[in-house]
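What follows is a set of notes on a single structure, which appears directly below.
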Amino acid sequence: MDQLPARLSQDALATSSETTINLIEVFAKRTFDRSAFVTPECYQSPRGSKSEKSETPFPAGPILLGSAQLDFLPLFQGREIFTQSLLIHKSEQPYDDDMVPVNLMPCLMVEVNIEGDGWLPRKYTNILSVTIESIYNLPNVMSADMDYSVSVNIPNAHSEQEHVVIHGGTWKTGTNMCNMKLWPKGHDPEVNRETCYRMADTVDTIHNKINANLEKVANPGSDPRVEFNVIKRNYLMEQASRLFRKNLKDYRHLPLEVFISRPGMPKDAANSLHLMANVDLSTLLYPGVSRCRASCGLRTFHKKEILQRTGLQSSYFAPDVNVGKCATPVVDKKGGKAKDDKSKASKSDKGASSKVQDLKQLLPSPVVVEEPPSVLVYGNQQGERTFIVVEIELQKPLEMQRPIEDLTVDLINLLPPRPMLSKHVISARLAVKQYRDGIKQLTEDILSQHDKFLVDMAACPCVQFGIRDTKNAFLTFLQKNGIYQTYLSSFTKIACVAIKEKFPYVEETNPNNKDYQNYIGEVFSSLTKESHDMINLLSKSGVEPKATTIMPKEEDLFLLYGEEACEIGAILLADRYFLERVCQAKKKATSWFDYAVFYLKTGDEEKAFECVRRSLLENEKFKYSLLMFALLLCGRNKKEEAETCFLTAMFFHPTWLEGWVTMHLFYSHIGNSEGADLCLEMAHKYMNTPKSNDYFTNRDNLIWTTSICPNELFFRTAALLIKMYFFEFAEKSLTHTKNGNRGVYHYLLGVIQYYRKNYEHALVHAKEAEQLHGPDYAVNALAGHCYLALDKLADAKNEYMGVLESFDRPDDIHLVFVYLALISERTGDKQFAKKMLLSACKYSPTPYTWLGVGLIYYSQKDLISAEQCLLQANVCDNRLPEVWGYLALINLELARYSEAELCYKQTKKNKIVNEELVKKIEKAWTWVNKTLY
């Protein structure tokens with residue numbers, strides 16, 4: 001610590017003679033003559049008489065046992081007293097047989113105390129630490145016999161810019177065995193420089209804007225490097241801290257110079273190399289960030305460039321020398337005053353000089369030769385850039401982060417007020433029914449969890465939980481996954497409601513009261529009886545209950561119906577399906593979010609905005625709603641509100657990779673480079689985190705699929721943004737993947753253009769993806785959709801047939817089946833159209849597919865089969881007027897007039913708009929009336 005106050009002093013350390021002798025024995029590797037370490041007339045032999053005195057003199061000079069480093073950082077952190085245990089290191093490096101274990105090395109306990117309070121200001125101060133690590137990818141001009149120095153320009157405690165110079169870079173190859181940071185070199189080279197701070201052992205925290213090969217940092221191998229590993233601290237007072245913050249806001253970079261010279265040679269251009277680097281520290285301006293580790297490319301020194309980028313006024317290694325020619329006075333030999341040359345000039349000379357001066361003004365000005373720009377430095381045979389790794393760390397961040405309480409309040413202010421609902425009134429009968437339903441759901445969930453447990457035990461033959469008993473192992477499985485606690489809280493909740501409504505008790509709740517004890521027994525017996533009755537209904541006598549067959553939930557079916565209706569152009573029908581899903585779903589947050597996605601697809605951002613707000617009212621931690629809300633606010637130019645939503649989402653879901661990348665795109669969009677760099681660093685940190693298996697990530701869209709997308713940051717984020725129909729941010733994400741998988745890049749661009757209804761442009765991208773990625777069912781399906789939108793039925797059918805013949809396609813390609821049936825019906829191939837629709841009904845039956853099959857059967861006069869298909873469509877959705885209308889026609893033709901009348905009433909009730917179908921029904925009724933009457 002360079003800037004120490006004058007009042008700070010270190011007490012003298014007294015050491016006993018016995019301790020000193022022990023230290024000498026350890027470091028001198030020999031037994032010390034203890035008789036030589038005796039003070040005359042002060043030592044009395046314990047074995048001899050008291051009057052006997054030793055005449056052996058004290059050693060002539062001091063003996064260097066070793067050195068240690070005392071760190072005064074706790075004093076600058078506000079502590080008035082601290083204690084440190086210092087290991088004393090020998091100046092000479094021992095051989096293997098002479099090495100001493102750390103626990104046997106001599107240790108010195110030091111206590112530092114400073115008296116008085118207020119010697120150091122506590123507020124608005126900071127400590128700046130600069131660590132110079134190593135230079136990699138060295139060019140051929142560098143060698144091991146050169147001197148290497150680095151200079152960094154940072155403020156000192158008194159707000160003055162100073163050059164912090166670090167000398168002594170060493171030429172190293174292979175892995176670094178010492179992972180400790182070093183203090184700068186002092187006057188004594190034998191003093192130990194190791195600190196108690198360890199070097200970072202990973203490269204995930206390095207900001208790599210130059211795309212350097214960081215594998216050289218993690219595994220240097222045999223490639224040489226210039227190693228410093230030196231840490232330098234500066235204490236910053238209030239003005240110095242503000243100056244450092246101002247410089248970062250103005251330039252976003254810190255100047256760094258590297259000087260390489262030959263020892264013993266003149267430090268001129270022929271024998272030295274002057275390089276520079278601009279350390280990007282914009283991340284430190286982000287709230288809560290106090291550390292930045294960056295890789296910086298080296299280039300030749302250029303004064304104007306480093307001045308423009310970092311504001312460096314003068315270089316340490318090449319200082320500006322203003323050499324001015326001063327007029328030398330001439331002294332008279334007689335001792336008179338100095339005479340100037342001008343005083344000797346005659347009047348004619350003055351006139352001549354004025355004419356010359358006028359002529360000089362007429363001469364053209366000299367040509368200013370610009371200094372050539374700086375040149376990048378490249379190293380090894382592969383031609384990779386030479387770079388240096390630098391770490392900057394502050395004790396306190398320059399910008400304080402916002403607490404989660406403020407984020408929560410700001411988010412609540414963005415949401416509409418919650419509606420005031422009436423109190424929930426429940427009767428004793430409903431409470432018991434709720435209790436029984438809860439027992440049923442708990443039992444079924446326990447069985448499903450037990451199935452998962454058995455699968456895990458079968459996959460891992462070892463005893464996973466340390467218990468060989470299956471029952472106890474299953475209980476441990478539930479406890480470790482948090483399921484047991486959920487069961488306990490759920491059962492407690494439903495039991496309390498049942499007890500409160502069915503067994504109200506208003507008497508004294510004394511445990512010794514007999515009536516109260518009887519009440520407890522009655523409640524326990526009743527609840528146990530209800531539980532046993534429900535479990536007996538779920539199982540047979542003597543047989544363990546089996547879990548019910550998992551069927552698709554109705555809300556999931558409505559989601560499929562809505563997406564299909566939207567793709568075929570039935571927007572009003574799709575809107576009804578999504579609205580019914582909201583009404584019937586138990587998790588309202590997800591249903592409102594899907595409703596918002598639907599409105600974004602149709603281009604109605606206002607309704608999407610309201611839907612996502614309702615979703616956040618149901619669950620303010622739902623990450624997809626927070627992400628959508630933030631992007632919608634960004635589209636309305638409400639940057640602060642959007643940032644609040646992003647920060648809230650990442651606080652509750654810190655390992656969400658797509659969230660960090662989207663936040664990076666948002667910060668890049670608004671010009672916040674420090675926030676963008678930090679988010680990208682966090683995304684790389686959680687790159688290996690397993691994907692979240694939620695319904696939105698795993699569900700493929702009917703038009704396209706994410707199965708061919710690689711597991712890469714920006715591809716995953718682009719796929720998520722396309723699913724949410726934020727195409728602008730999706731394209732920004734894809735711009736970072738140009739050097740990656742070009743085939744998938746064009747495929748996703750084709751999907752975006754398809755949704756924008758630029759079908760020809762989308763088709764170009766699909767063909768480009770097919771050439772780069774190769775034949776794939778997803779690419780062929782996208783090309784087929786484009787041809788169908790362009791009304792090129794033959795080309796579309798060829799693409800769809802290629803999808804059917806693909807060996808790697810999934811079984812359920814719902815929209816391909818539907819569109820192939822549509823094309824075949826238009827071209828007159830009704831038999832193939834029926835086959836395709838039945839294939840769609842096999843995997844994902846919908847009202848539309850059953851209706852289509854029924855109409856084909858009806859056109860072929862197969863009334864019984866047509867009726868069965870229409871009845872299946874009615875099971876899926878009993879509010880389709882076309883289904884009721886054709887059922888009325890079939891019943892009329894089968895002479896079932898009462899059923900036909902009921903079907904016709906349902907047709908009118910559901911507001912049929914197909915006038916052609918209405919005319920057919922009325923014509924059939926007219927013919928029936930004529931026939932009967």
Legend entry - Non-hydrogen side-chain atoms of Tyr747 and Thr705 separated by less than 4.5 Å: yes
Legend entry - Non-neighbouring partners of Glu768 that pass side chain to side chain donor-acceptor pair (under 3.5 Å), sequence neighbours left out: none
Inset, instruction - First locate atom SG of Cys679, then atom CD of Glu674, and finally report the distance between them rounded to the nearest 0.5 Å. - result: 10.5 Å
Inset, instruction - Take the angle between the ring planes of Phe558 and Tyr577 and call it parallel below 30°, perpendicular above 60°, tilted in between. - result: tilted
Inset, instruction - Please check if the side chain of Trp884 supplies one atom and the backbone of Asn878 the other of a donor-acceptor pair under 3.5 Å. - result: yes
Legend entry - Any donor-acceptor N/O pair, Arg309 side chain to His253 backbone, under 3.5 Å: no
Inset, instruction - Indicate yes or no: does Lys209 engage Asp280 in a salt bridge with an N to O separation below 4.0 Å. - result: yes
Inset, instruction - Kindly check if the number of other-residue, nucleotide or ligand heavy atoms within 6.0 Å of NZ (Lys588) is above 12? - result: yes
Inset, instruction - Only pairs at least two apart or in different chains count here, so list each salt bridge (charged side-chain N to carboxylate O under 4.0 Å, His left out) that has a residue in residues 744-759. - result: Glu731-Arg756
Inset, instruction - Using the side chain to side chain contact (heavy atoms under 4.5 Å, CB included) rule, take Val818 and Thr849 through it: C-alpha gap first, then chi angles, then the decisive distance, then the call. - result: CA-CA 7 Å; Val818 172; Thr849 55; 4.0 Å; yes
Inset, instruction - Look at the side chain of Asn741 and the backbone N and O of Pro710, then say whether any donor-acceptor pair between them is shorter than 3.5 Å. - result: no
Inset, instruction - In plain terms, say whether Arg613 and Glu610 are close enough for a salt bridge, that is, a side-chain N and a carboxylate O under 4.0 Å apart. - result: yes
Legend entry - All pairs passing salt bridge (charged side-chain N to carboxylate O under 4.0 Å, His left out) where residues 794-808 contributes a residue, at least two apart: Lys767-Glu799
Legend entry - Residue list, ring-ring contact (aromatic ring centres under 6.0 Å, His included) with Phe726, at least two apart or on another chain: none
Inset, instruction - Quickly, which of Leu734, Val661, Thr737 forms a side-chain contact (heavy atoms from CB on, under 4.5 Å) with Thr717? Name it, please. - result: Val661
Inset, instruction - Sort and list the pairs that fulfil ring-ring contact (aromatic ring centres under 6.0 Å, His included) and have at least one residue in residues 816-853, not counting sequence neighbours. - result: His785-Tyr819
Inset, instruction - Mind checking side chain to side chain contact (heavy atoms under 4.5 Å, CB included) for Glu215 and listing every partner two or more places apart, or none if nothing turns up? - result: Asn213, Asn219
Legend entry - Between Thr697 and Tyr624, a side-chain donor and acceptor under 3.5 Å: yes
Legend entry - Any pair counted as side-chain hydrogen bond (donor to acceptor under 3.5 Å, both in side chains), so long as it reaches residues 559-571, sequence neighbours left out: Glu563-Arg699, Glu564-His814, Glu564-Thr846, Glu567-Lys601
Legend entry - Among Phe666, Trp656, Trp660, Tyr667, the one residue meeting ring-ring contact (aromatic ring centres under 6.0 Å, His included) with Phe646: Phe666
Legend entry - Heavy-atom side-chain proximity of Ile722 to Leu748 below 4.5 angstrom: yes
Legend entry - Heavy-atom donor-acceptor pair, Ser615 side chain to Cys611 backbone, under 3.5 Å: no
Inset, instruction - Working to the nearest 0.5 Å, report the span between OH of Tyr787 and CG of Leu763. - result: 4.5 Å
Inset, instruction - May I ask you to say whether Glu606 pairs ionically with Arg636, meaning some side-chain N is under 4.0 Å from a carboxylate O? - result: yes
Legend entry - Salt-bridge contact Arg402-Asp410 (side-chain N to carboxylate O under 4.0 Å): yes
Inset, instruction - Provide the closest heavy-atom pair for Asn208 versus Ser295 in the form atom of the first, atom of the second, distance. - result: OD1-OG, 3.0 Å
Legend entry - Straight-line distance of Leu631 CG to Phe729 CZ, nearest 0.5 Å: 5.5 Å
Inset, instruction - Working to the nearest 0.5 Å, report the span between CD of Glu681 and OG1 of Thr283. - result: 7.0 Å
Inset, instruction - Only counting residues at least two apart or in another chain, list the ones meeting side chain to side chain contact (heavy atoms under 4.5 Å, CB included) with Glu916. - result: Asn914, Lys920
Legend entry - Residues, nucleotides or ligands: over 12 heavy atoms within 6.0 Å of Asn698 CG: yes
Inset, instruction - Start with the C-alpha gap between His736 and His664, add the side-chain angles, then the distance that decides, and say whether ring-ring contact (aromatic ring centres under 6.0 Å, His included) holds. - result: CA-CA 12 Å; His736 294 80; His664 161 78; 5.8 Å; yes
Legend entry - Residue of the set Tyr599, Phe629, Phe696 for which ring-ring contact (aromatic ring centres under 6.0 Å, His included) holds with Phe593: Phe696
Legend entry - Polar side-chain atom of Asn758 near backbone of His761 as donor-acceptor pair, under 3.5 Å: no
Inset, instruction - Enumerate the residue pairs fulfilling side-chain hydrogen bond (donor to acceptor under 3.5 Å, both in side chains) with a member in residues 824-835, sequence neighbours excluded, ordered by first and then second residue. - result: none
Inset, instruction - Answer with yes or no whether the side chains of His765 and Gln753 bring together a donor and an acceptor at under 3.5 Å. - result: no
Side-chain polar contacts of residues 769-782 - donor-acceptor pairs under 3.5 angstrom, sequence neighbours left out - could you list them?
{"from": "Asp776", "atom 1": "OD1", "to": "Ala778", "atom 2": "N", "distance (Å)": "2.9"}
{"from": "Tyr777", "atom 1": "OH", "to": "Ser707", "atom 2": "OG", "distance (Å)": "3.1"}
{"from": "Asn780", "atom 1": "ND2", "to": "Asp776", "atom 2": "O", "distance (Å)": "3.4"}

Inset, instruction - Could you tell me the separation between the CG atom of Asn278 and the OH atom of Tyr251, rounded to the nearest 0.5 Å? - result: 12.0 Å
Legend entry - Heavy-atom pair of closest approach, residues Pro847 and Cys876: CG-CB, 3.6 Å
Inset, instruction - Name all pairs fulfilling the salt bridge (charged side-chain N to carboxylate O under 4.0 Å, His left out) condition that reach into residues 708-720, sequence neighbours left out, sorted by first residue then second. - result: Glu658-Arg716
Inset, instruction - Please list, chain by chain and in numerical order, all residues satisfying ring-ring contact (aromatic ring centres under 6.0 Å, His included) with Phe598, sequence neighbours excluded. - result: Phe578
Legend entry - Any donor-acceptor N or O pair under 3.5 Å, side chains Asn701, Tyr755: yes
Legend entry - Residues, nucleotides or ligands: over 12 heavy atoms within 6.0 Å of Glu605 CD: no
Inset, instruction - Enter the distance from Asp812:CG to Ser844:OG here, rounded to the nearest 0.5 Å. - result: 3.5 Å
